[in-house]
Amino acid sequence: MNKAERAIDELRGIDKLTSINSPMHRLSPLSKMALTIIYIITTVSFHKYDLWGIIPMVLFPIIGYQFSLIPVSTCFKKLRIVMPLVCCVGLLNPFFDKAVITYIGTVGVSGGVISMVTLMLKGVFCLMASFLLVATTTAEEICAALNKIHCPKILTSLFLLTVRYISVLLEEVANMTDAYHLRAPGQKGIHISAWGSFLGQLILRSMDRAQALYESMLLRGFNGVIDYPEKENKNKYSWVVAIICIVLIIFTRYFNIPAYLGSLAL
Amino acid sequence: MIECVNLTSKYADGTVVLHDLSFKVEAGEQVGLIGANGAGKSTLLKSMLGLIETEGVISFDGKELCKKNLADIRKMVGYVLQDSDNQMFMPKVIDDMVFGPVNYGISRADAEKKAEETLEKLGIAGLKNKQNHKLSGGEKRMAAVATILTMEPEIMLLDEPSAALDPHNRRNLINILNVIPVTKIIASHDLDMVLETCNRVILINDGKIVADGKATDILSDKTLLEENGLELPLCMAGVPAFLKKED
């Protein structure tokens, strides 16, 4: 199996996750989307030194994963390439912000270190929440939810076709890579001398394939917008659950739970 | 009725693909379009649906193919593409099947009902909720035919419908094609299938009509077929020499 085929498998793996029947999957797509957006905005809004305040925010994605019957490890496995990049954000902060703002025992911790960790956590939490939405909601459901809030249909169609097109492009890469390696045994990757023609062929083949798909859609009455199955009312308690979660998220933002627990201990 | 008059098609570089083709297909007729690779079969079918620009006149039931009538004609004509992968672009079979009818204003519930009936008729009801990428070549081909049948077209254009089908599915498809009461043009290299499904054959070579007549007459003319890069259908060729027992 070549890299492109593995990538296709990964994509299909995510598609497979969306077909699980769990309480989280049964929530309406629009409520899940609203919840995720509010969670991300709230998480990002924490002050860069508010490390203790942001820690309880991890509870929401973790509880979400439990209710979706998807192990949290799946998220880290699927996002293994993006996660380190997110963690790199703020890596330079300790060099620019050297003022000591707190102590662990007798060791002074600079503001740069605190802000770096806070930024990392923000990134990781937001990725976890986004993946939870993607793993429990199909692209069609997301588009239907966007249409419901009057997002232009042309944009949602474009989004859906782009999502669908990724696997078409990967299939072409997989076929071409296989064909190349069958005639270049023992070679690792594609030799630099073949890159030009490989990419050129890939573009031409992808364009042909895209054209054929588009023609097939035109012949079945496609007029620029795709109709999505109506699944908005699949759980009448969706919005109740979403509103409770939103209230708790906002409460966590304005009430420092670790500080309160600490004061109780004292 | 389908009528093509002086149909000519050229590539951007000036290469002529279809030369001045003229023919008529009466309502209810099943016409086989045969020819060697590159003869222009797919180009002709695509031209008939306005996917390729052509000179000449194409009309369906008196309605001339032009920008104004394009939507009506495409609603009337179902086209099964040569490559099913290009036809099946939605995640599940059922999504693909309702795509056309819903675009033409049928409610999703009605379209789903129609899709279920079609799948049942084709004997592939089990494919309804299957993901397209998990289908075998044969299943995908049958599902592609089903997507077109759900639209209840008055005319069907099929490009290599039996390609990638195993003998059982091929037989199933032939039986289905023989009972669907619509006008059909079937472009194929599978001359045995053409013989079983079509009463008339149009043989094209190099973008020109070489012969147009009764299927049995054209498909039994060994010289004509061989001159145009084809062979007799297997059922007419008899037992091959290497299989004959030595006396």
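Everything quoted here is computed from the prediction, not taken from an experiment. Below, chains carry the letters A, B, ... as their sequence lines are ordered, and counting in each starts from 1. Below, each value reflects all heavy atoms present in this structure, side chains not excepted, and no hydrogens, waters or symmetry copies.
- Heavy-atom contacts from other residues, nucleotides or ligands closer than 6.0 Å to NZ of A:Lys153 number 12 or fewer.
- For the set B:Leu51, B:Asp96, B:Asp85, the count of heavy-atom pairs under 4.5 angstrom toward chain A peaks at B:Leu51.
- Taking B:His133, B:Arg74, B:Gln87, B:Met151 one by one and counting their heavy-atom pairs under 4.5 Å with chain A, the maximum is reached by B:His133.
- Side-chain atoms of A:Arg12 and B:Gln131, non-hydrogen and from C-beta on, never get closer than 4.5 Å to each other.
- Proximity to chain B involves both the backbone and the side chain of A:Arg209, based on heavy atoms less than 4.5 angstrom apart.
- Within 6.0 Å of atom CZ in A:Phe198, more than 12 heavy atoms from other residues, nucleotides or ligands are found, so the atom counts as buried in its surroundings.
- Within 6.0 Å of CD1 in A:Ile149 there are more than 12 heavy atoms belonging to other residues, nucleotides or ligands.
- No side-chain heavy atom of A:Arg220 sits under 4.5 Å from any side-chain heavy atom of B:Pro101.
- A donor-acceptor pair under 3.5 Å is absent between the side-chain atoms of B:Tyr79 and the main chain of A:Leu219, judged by distance alone.
- More than 12 non-hydrogen atoms from other residues, nucleotides or ligands lie less than 6.0 angstrom from NZ of A:Lys78.
- Partners of B:Phe89 by ring-ring contact (aromatic ring centres under 6.0 Å, His included), not counting sequence neighbours, listed by chain and number: B:Phe99.
- Residue A:Ala212 comes nearest to B:Asn86 through the heavy atom pair CB-ND2, 3.4 Å, listed as atom of the first residue, atom of the second, then distance.
- Open room surrounds OH on A:Tyr214; 12 or fewer heavy atoms of other groups in view lie less than 6.0 Å from it.
- At least one side-chain heavy atom of B:Pro91 sits less than 4.5 Å from a side-chain heavy atom of A:Glu140.
- Distance OG/A:Ser216 to CD1/B:Ile148: 7.0 Å, rounded to 0.5 Å.
- Taking CG of A:Asp15 as the reference point, atom NZ of B:Lys134 lies at 9.0 Å (rounded to 0.5 Å).
- In this structure, no portion of A:Ile8 lies under 4.5 Å from any heavy atom of chain B.
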